[in-house]
S.K.: 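A single structure is presented below for examination.
Counting starts at 1 for both ligands and their atoms, following the listed order.
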Amino acid sequence: MADAANRSGRRQFWDSRFSEPGYAYGEQPNDFLRESCQGLAPGDALSLCEGEGRNAVYLARRGFRVTAIDFSEVGLAKARALAARHQVEITTVVVDLADFDLGYARWDLVLSIFAQPASAVRQRLYRQLHQALRPNGKLVLECKVETDGAADNRYPGAQILCDELSPLSISLVREQERELNEGRYHLGMKRTAQILAVNAAPVAAAP
Ligand SMILES: C[S@@+](CC[C@H](N)C(=O)[O-])C[C@H]1O[C@@H](n2cnc3c(N)ncnc32)[C@H](O)[C@@H]1O
């Protein structure tokens with residue numbers, strides 16, 4: 001009961017933010033996504049907590065078939081509008097991450113840019129990634145780091161995230177203070193973790 005109320009409150013928060021005029025995090029893709037995508041062949045991409053579409057549209061413009069998920073219908077409506085403006089298609093799915101199944105050998109790229117779910121939800125998703133990514137599939141992740149000792153840490157440091165991502169191979173990891181310049185809400189110096197991980201280990205046969 002409390003959990004349902006919590007979820008509904010969070011969804012309302014994001015619907016309200018995305019109801020403001022303009023694009024809360026801008027229309028340009030995240031820097032780390034741009035950097036990580038250089039030389040990547042297009043394929044099937046899943047963007048977690050996509051919001052208003054800046055990253056999904058960037059990938060679609062690079063030839064990826066993109067599925068963008070988020071629990072904010074308001075955000076995803078703006079994502080579709082941004083895609084239409086750039087004359088590309090994206091698939092949007094309104095779903096709570098807590099209820100989402102990533103599937104089996106389904107994705108060449110999974111994107112998690114400033115998705116900060118509760119730690120239990122994050123850990124469940126990360127456990128699914130090895131099965132959900134195709135061989136050599138990639139995870140591109142950037143998130144805020146706030147090690148404030150909160151009981152449910154949505155913002156852990158890069159080391160904890162890398163441990164949780166096992167058995168994916170970590171190709172690049174950075175934890176740093178960096179200047180964000182993404183729309184109205186990501187501005188100024190913030191501590192972030194950036195991780196590029198690859199599904200290098202063989203995936204077991206489908207159950
Ligand atoms: C900081 S915004 C980042 C949006 C986008 N990834 C970007 O970088 O522009 C966080 C996003 O996570 C979504 N979100 C938060 N909790 C979620 C959940 N439990 N299930 C699905 N989406 C969620 C919000 O609706 C919002 O779009």
Side-chain angles (χ1 to χ4, degrees), residues 2-37 45-61 64 66-83 85-86 90-102 109-126 128-129 132 139-146 150 152-156 161 178-188 190-195:
D3 182 45
N6 228 329
R7 286 195 203 195
S8 156
R10 285 183 180 281
R11 195 176 307 119
Q12 278 170 22
F13 169 87
W14 288 106
D15 279 347
S16 156
R17 172 161 291 186
F18 294 146
S19 298
E20 295 168 11
Y23 280 71
Y25 302 100
E27 297 180 25
Q28 299 304 315
N30 167 264
D31 296 337
F32 185 56
L33 169 62
R34 212 195 290 255
E35 175 191 337
S36 305
C37 268
L46 171 69
S47 180
L48 306 173
C49 295
E50 171 57 41
E52 297 170 306
R54 64 191 179 113
N55 297 315
V57 167
Y58 173 74
L59 288 173
R61 293 181 76 193
F64 283 85
V66 186
T67 300
I69 72 163
D70 200 288
F71 67 4
S72 170
E73 169 56 40
V74 180
L76 289 182
K78 285 168 93 172
R80 292 191 294 274
L82 189 63
R85 200 151 21 99
H86 287 282
I90 59 172
T91 300
T92 57
V93 183
V94 179
V95 63
D96 193 308
L97 264 191
D99 304 324
F100 188 68
D101 186 320
L102 273 68
L109 176 65
V110 171
L111 186 62
S112 178
I113 301 295
F114 298 114
Q116 314 264 180
S119 54
V121 174
R122 180 186 73 235
Q123 287 159 7
R124 187 186 65 83
L125 279 173
Y126 286 10
Q128 289 182 25
L129 274 170
L139 168 75
V140 174
L141 180 153
E142 179 163 29
C143 61
K144 286 191 189 164
V145 174
E146 290 175 15
D152 177 14
N153 192 357
R154 292 168 181 266
Y155 308 95
L161 296 173
R178 79 169 188 100
E179 174 132 29
L180 292 180
N181 185 8
E182 305 184 317
R184 289 189 303 287
Y185 286 101
H186 278 170
L187 281 177
K190 301 277 181 229
R191 187 161 195 83
T192 78
Q194 297 177 327
I195 296 173

S.K.: Establish, yes or no, whether the cationic atom of Arg17 lies under 6.0 Å from the six-membered ring centre of Tyr185 and within 45° of the ring axis.
M.R.: yes
S.K.: For Tyr25 and Phe18, take the angle between the two ring planes, folded into 0 to 90°, and tell me which bin it lands in: parallel under 30, tilted 30 to 60, perpendicular over 60.
M.R.: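 The arrangement is perpendicular - the two ring planes meet at more than 60°.
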S.K.: Give a yes or no on this: more than 12 heavy atoms of other residues, nucleotides or ligands lie within 6.0 Å of atom CZ of Arg80.
M.R.: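 For Arg80, atom CZ is crowded (more than 12 foreign heavy atoms under 6.0 Å).
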S.K.: Is any NZ, NE, NH1 or NH2 atom of the basic residue among Glu182 and Lys190 found under 4.0 Å from an Asp or Glu carboxylate oxygen of the other?
M.R.: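 No.
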S.K.: Tell me, do Phe71 and Arg10 make a side-chain contact under 4.5 Å, heavy atoms counted?
M.R.: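 Yes. Closest side-chain heavy atoms under 4.5 Å.
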S.K.: Can you find a pair of side-chain heavy atoms, one from Phe64 and one from Leu111, that are under 4.5 Å apart?
M.R.: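 They are not in contact (no side-chain heavy atoms under 4.5 Å apart), so the answer is no.
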S.K.: Could you pull out every protein residue that has a heavy atom closer than 4.0 Å to ligand 1, ordered by chain and then number?
M.R.: Trp14, Phe18, Tyr25, Cys49, Glu50, Gly51, Arg54, Asn55, Asp70, Phe71, Ser72, Val95, Asp96, Leu97, Ile113, Phe114
